[in-house]
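Along the sequence shown, the residues carry numbers beginning at 1. These numbers were taken from a predicted model, which means no experiment stands behind them.
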Amino acid sequence: MKGTYLGEFEEVVLLAVAIRSGDAYGAAIVNEIEQQMNRSVNLGAVHSALSRLQEKGLVSSEMGGMTAERGGRRKRLYSVTAYGRRALEEIRQLRNQMWDAIPNPALT
């Protein structure tokens, strides 16, 4: 992942896709982020982030089946790629390493 930079919002969107495993489409991702983070997000911003994540090879997408609730239109479903999983693990490891490096004033 050395050459691929992930901004905070891209990381959050990637995490939401991983959480929604199998049911990650635009509106569901927005709902997941809003529930998990208590933060309002724009559907257009999520779609832009998904596009960037797909260009970086961190997510893939496919068209789902037609649904009556969407007037027969199909949803684009996203999933985290193996490369995306590795990126999330590296991000988690780096964040944990940095948290662990914070001095504990009670011990000094």
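Using modelled atom types, no side-chain atom of Ser61 and backbone atom of Arg76 make a donor-acceptor pair closer than 3.5 Å. A donor-acceptor pair is defined here as one N or O able to donate and one able to accept, closer than 3.5 Å; no such pair exists between the side chain of Arg39 and the backbone of Glu34. Between the side chain of Ser51 and the backbone N or O of His47, no donor-acceptor pair lies under 3.5 Å.
A salt bridge links Arg52 to Glu10: at least one charged side-chain nitrogen sits closer than 4.0 Å to a carboxylate oxygen. Under the 4.0 Å criterion applied to side-chain N and carboxylate O atoms, Lys56 and Glu11 are not assigned as salt-bridge partners. For Glu62 and Lys75, the salt-bridge test fails: no basic side-chain N is under 4.0 Å from an acidic carboxylate O.
Within a 6.0 Å sphere centred on CG of Asn96, heavy atoms belonging to other residues, nucleotides or ligands number more than 12.
We find the CZ-CE distance between Arg95 and Met98 to be 8.5 Å, quoted to the nearest 0.5 Å. Atom CG of Leu88 sits about 5.0 Å away from atom CG of Leu15, to the nearest 0.5 Å. In this structure, OH in Tyr78 is found 14.5 Å from CZ in Arg20, a value given to the nearest 0.5 Å. Between atom CD of residue Gln93 and atom CD of residue Glu89 there is a gap of 8.5 Å, rounded to the nearest 0.5 Å.
Side-chain atoms of Leu6 and Leu53, non-hydrogen and from C-beta on, do get closer than 4.5 Å to each other.
Between Thr81 and Gly57, the closest heavy-atom pair is OG1-O, 2.6 Å.
Under 3.5 Å, the side chains of Gln54 and Ser60 contain no donor-acceptor pair of N or O atoms.
Linking ILVMFWY residues whenever their side-chain heavy atoms come closer than 4.5 Å, directly or via other members, leaves Ile19 and Phe9 in distinct clusters. Cluster membership check: Leu94 does not share its hydrophobic cluster with Leu14, using side-chain heavy-atom separations under 4.5 Å among Ile, Leu, Val, Met, Phe, Trp and Tyr.
A side-chain contact (heavy atoms from CB on, under 4.5 Å) with Val17 is found for one member of Ile29, Asp23, Leu58 and no other, namely Ile29.
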